[in-house]
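Throughout, residue positions are numbered sequentially from 1 according to the sequence presented.
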Amino acid sequence: MIKSSAEVIIVGSGAAGSTIAKELAGRGRKIIIIEKGKFAGYLGNEIRASAYYEGSPLLVRSKSGVMFHYTKNLGGSTVFSCGNAVRGSLDIFLRFGIDLRRELAETEEELSVMPVDKKLIGQKGTKDFYDAAINLGYKIDYMPKFMKKGMCSLCGKCVLGCPNNARWTAVDYVDFAIGKGALVEHAVVEKVIIKNNKAIGVLAKQGKKQVTIYADKIVLAAGGLNSPVILQKSGLSAGKKLFCDLFNVTYAVSLKDGMFRDLSMSLVDMEFFKNDGFIISPFMDPIILFLIIFNKFLPFYLLKYKNVVGIEVKIKDDMIGSVSSDGRIQKIVTADDSKKISKGVEIAKDILNHMPIDKRTINTTILRGAHPGGTSAIGEVVDCNLQTGVKGLYVCDASVLPEALGLPPIITLIALSKWFVKTQF
């Protein structure tokens, strides 16, 4: 079955895909966005939200045991993000002649990026974290976020899809593109159609129907785990050098208030990142995840969930991992990764021990990955224009990052996507 054709097909509607769609549609280009997931809405409900996470409940496990968070919905993982807007290193792009300074500044202005309002820290578990960390001499600061002023109700449901639509998501950009004439097809792209070393369209499935959609240019923006699968199925080499910003959370039961209604990751210590390659931030998992990330104190944590406090350690991990053509994930935790994680956990425990907690309840979760990328890296799979060896076939998402950021990547990906449109279209 042949569907409509366009100038540009964009596969994926997350941070990168939605930005490309917005920029191209704003220029009057005829585009089609292909997204396998539906619009998730603004949820805030654990059971409903889990339906949009790949491999529910909320996690996919790699062969080595590391668990991954990624979603299948319009707007991608931005809908379930914490809204963090930390600047990633631009030097990793400069060595390929890609200067994102202008686009990054443009992104921050467009999304109204600002440090978290002090009023949102409140007087609960996150405030206890802040006081303890400051008293210990750690350089805790307010996390920059792309939030809509006055919209946050402190419900603690950031990673479940904000029920108040209190932050920017990629759906905002998709809606703009639709308003400018962009089409959205809900389908699963299987491979790119290549003729005489030129991309001419994609083969996809809509339910049980196989469809073909043609275009002059194809941009894969399906993310660090999906874009390399499509490339491999299309006959190209991809899927190696996987990173995922490995993280865990160290929890304890507070003798006062917990963090279950606090704004997730509202504070951050960037000094550790500069010196040791990891960040420390207050964080709470949804209660449904406690069922699979703990092997100790689980019944007590479930009963005392409203009093639980957590500290996340997230590292810049080594690019030792892969995703195969059938989607199987392999992620190796190196000795250097383990060293970073261990040091971060010791600091997290130090902070917790200076908070009003039951010290017997301190426990650390399994390792997880939140920001997979590197699997179609610049200089490896795509060139400095983000084009593959096939004419007209581009990749623009976290998979092209030449090294791990170790930080929330959303504004970096938006800036890269803006640069991509400006230079290639």
Quiz item: How about D350 and Y138: does a side-chain donor come under 3.5 Å of a side-chain acceptor?
Solution: yes
Practice problem: Dump the intermediate steps for side chain to side chain contact (heavy atoms under 4.5 Å, CB included) on T412 and I414, then the final yes or no. | Solution: CA-CA 5 Å; T412 302; I414 295 172; over 6 Å; no
Quiz item: Closest heavy-atom contact between W419 and L100?
Solution: CB-CD2, 3.5 Å
Practice problem: Answer with yes or no whether the side chains of K148 and N165 bring together a donor and an acceptor at under 3.5 Å. | Solution: yes
Quiz item: Ignoring hydrogens and geometry, is there a side-chain-to-backbone donor-acceptor pair from K145 to C82 under 3.5 Å?
Solution: yes
Self-check item: Heavy-atom pair with the smallest gap, counting every atom of A85 and V113
Solution: CB-CG1, 3.6 Å
Exercise. For S342 and K339, indicate whether the former's side chain and the latter's backbone hold a donor-acceptor pair under 3.5 Å.
Key: no
Quiz prompt | Smallest separation among heavy atoms of V395 and V400, with atom names | solution = O-CG1, 3.3 Å
Quiz item: Hey, is CZ on R95 packed in by over 12 heavy atoms from elsewhere, all under 6.0 Å?
Solution: yes
Quiz prompt | Distance (rounded to the nearest 0.5 Å) between S281 OG and N84 CG | solution = 7.0 Å
Quiz item: Nearest 0.5 Å, what's the CD-CD1 distance between E271 and I279?
Solution: 13.5 Å
Self-check item: G406 backbone acceptor or donor facing H371 side chain under 3.5 Å
Solution: no
Quiz item: So does K124 have more than 12 non-hydrogen atoms from other groups sitting under 6.0 Å from NZ?
Solution: no
Quiz item: Can you tell me how far the CD1 atom of I121 sits from the CE atom of M143, to the nearest 0.5 Å?
Solution: 10.5 Å
Quiz item: Heavy-atom count around K241 NZ within 6.0 Å, excluding the residue itself: above 12?
Solution: no
Self-check item: Heavy-atom donor-acceptor pair, D317 side chain to C244 backbone, under 3.5 Å
Solution: yes
Practice problem: Report the C-alpha separation of T334 and D336 in whole Å, then their side-chain angles, then the decisive distance to 0.1 Å, and conclude whether the side-chain hydrogen bond (donor to acceptor under 3.5 Å, both in side chains) test is met. | Solution: CA-CA 5 Å; T334 68; D336 189 50; 5.3 Å; no
Self-check item: Residues E106, R101: salt bridge by 4.0 Å N-O rule
Solution: no
Exercise. Over all heavy atoms of both residues, which pair between L393 and A199 is shortest? Give the atoms and the distance, please.
Key: CB-CB, 3.9 Å
Exercise. Any chance you could measure T423, atom OG1, to I98, atom CD1, to the nearest 0.5 Å?
Key: 7.5 Å
Quiz prompt | Pairing of K22 and E110 as salt bridge, 4.0 angstrom limit | solution = yes
Exercise. Could you tell me whether the side chain of D337 and the main chain of V333 form a donor-acceptor pair under 3.5 Å?
Key: no
Self-check item: CG on L405 to CD1 on I410, rounded to 0.5 Å
Solution: 11.5 Å
Practice problem: For the pair D117 and K149, find out whether any cationic side-chain nitrogen is under 4.0 Å from an anionic carboxylate oxygen. | Solution: no
Exercise. Apply the test side chain to side chain contact (heavy atoms under 4.5 Å, CB included) to residues M114 and Y142: give CA-CA distance (whole Å), side-chain angles for both, the deciding distance (0.1 Å), then the verdict.
Key: CA-CA 9 Å; M114 293 183 67; Y142 296 92; over 6 Å; no
Quiz prompt | Side-chain heavy-atom pair H186, K36 within 4.5 angstrom cut-off | solution = no
Quiz item: Between E7 and K30, does at least one N-O distance fall below 4.0 Å, as a salt bridge requires?
Solution: no
Self-check item: Donor-acceptor pair, side chain of T169 and main chain of V171, under 3.5 angstrom
Solution: yes
Quiz item: Hey, is the main chain of C158 close enough, under 3.5 Å, to the side chain of R167 for a donor-acceptor pair?
Solution: yes
Quiz prompt | Atom of K139, atom of D269 and distance for their closest heavy-atom approach | solution = N-OD2, 3.1 Å
Quiz item: Do T364 and N248 have side-chain N/O donor and acceptor atoms under 3.5 Å apart?
Solution: no
Quiz item: Side chains of F425 and V8: closer than 4.5 Å at any heavy-atom pair?
Solution: yes
Quiz item: So, K340 and D276, do they make that salt bridge, N to O below 4.0 Å?
Solution: no
Quiz item: Does the ring centre of Y173 sit less than 6.0 Å away from the ring centre of W168?
Solution: yes
Quiz item: Does some side-chain heavy atom of T126 sit less than 4.5 Å from a side-chain heavy atom of L263?
Solution: no
Exercise. Measure across I280 and I347 and return the closest heavy-atom pair with its distance rounded to 0.1 Å.
Key: CD1-CG2, 3.8 Å
Practice problem: In plain terms, say whether E346 and K343 are close enough for a salt bridge, that is, a side-chain N and a carboxylate O under 4.0 Å apart. | Solution: no
Exercise. Kindly say whether V421 contributes a backbone atom to a donor-acceptor pair with the side chain of E23 at under 3.5 angstrom?
Key: no
Practice problem: Would you sort out whether T107 and K418 count as a side chain to side chain contact (heavy atoms under 4.5 Å, CB included), showing the intermediate values? | Solution: CA-CA 9 Å; T107 299; K418 286 177 175 287; 3.6 Å; yes
Exercise. Check whether any side-chain heavy atom of Y251 sits under 4.5 Å from a side-chain heavy atom of M284, and report yes or no.
Key: yes
Quiz item: Between K240 and E380, does a salt bridge (charged side-chain N to carboxylate O under 4.0 Å, His left out) hold up when you go through it step by step?
Solution: CA-CA 9 Å; K240 299 177 181 178; E380 299 280 342; over 6 Å; no
Quiz item: Taking atom types as modelled, is there a side-chain donor on D397 or S399 under 3.5 Å from an acceptor on the other?
Solution: yes
Quiz prompt | S325 side chain to K233 backbone, donor-acceptor under 3.5 Å | solution = no
Practice problem: Calculate, to the nearest 0.5 Å, the distance between atoms OG and CG belonging to S89 and D91 respectively. | Solution: 4.0 Å
Quiz item: Would a 4.5 Å heavy-atom cut-off, applied to side chains only, mark T212 and I193 as touching?
Solution: yes
Quiz item: Under a 4.5 Å cut-off applied to non-hydrogen side-chain atoms, are V116 and L267 in contact?
Solution: no
Practice problem: For residues M259 and P282, determine if any side-chain heavy atom of one lies less than 4.5 Å from a side-chain heavy atom of the other. | Solution: yes
Self-check item: Trace of the side chain to side chain contact (heavy atoms under 4.5 Å, CB included) decision for T375 with F243
Solution: CA-CA 8 Å; T375 46; F243 68 78; over 6 Å; no
Exercise. Answer yes or no: does atom NZ of K391 have more than 12 heavy-atom neighbours from other residues, nucleotides or ligands under 6.0 Å?
Key: no
Quiz item: Do S13 and E35 have side-chain atoms, one donor and one acceptor, less than 3.5 Å apart?
Solution: yes
Exercise. Count the heavy atoms belonging to other residues, nucleotides or ligands that lie under 6.0 Å from CG of N196, then report whether that count exceeds 12.
Key: no
Practice problem: Going by the side chain to side chain contact (heavy atoms under 4.5 Å, CB included) test, name the single residue among I178, V184, V219 that passes it with I33. | Solution: V184
Quiz item: Can you check whether E185 reaches I213 side chain to side chain, under 4.5 Å on heavy atoms?
Solution: yes
Exercise. Could you tell me whether a side-chain N or O of D141 sits under 3.5 Å from a main-chain N or O of P115, the two making a donor and an acceptor?
Key: no
Practice problem: Using distance alone, with no hydrogens and no angle criterion, decide if Y394 and N385 have a side-chain donor and acceptor under 3.5 Å apart. | Solution: no
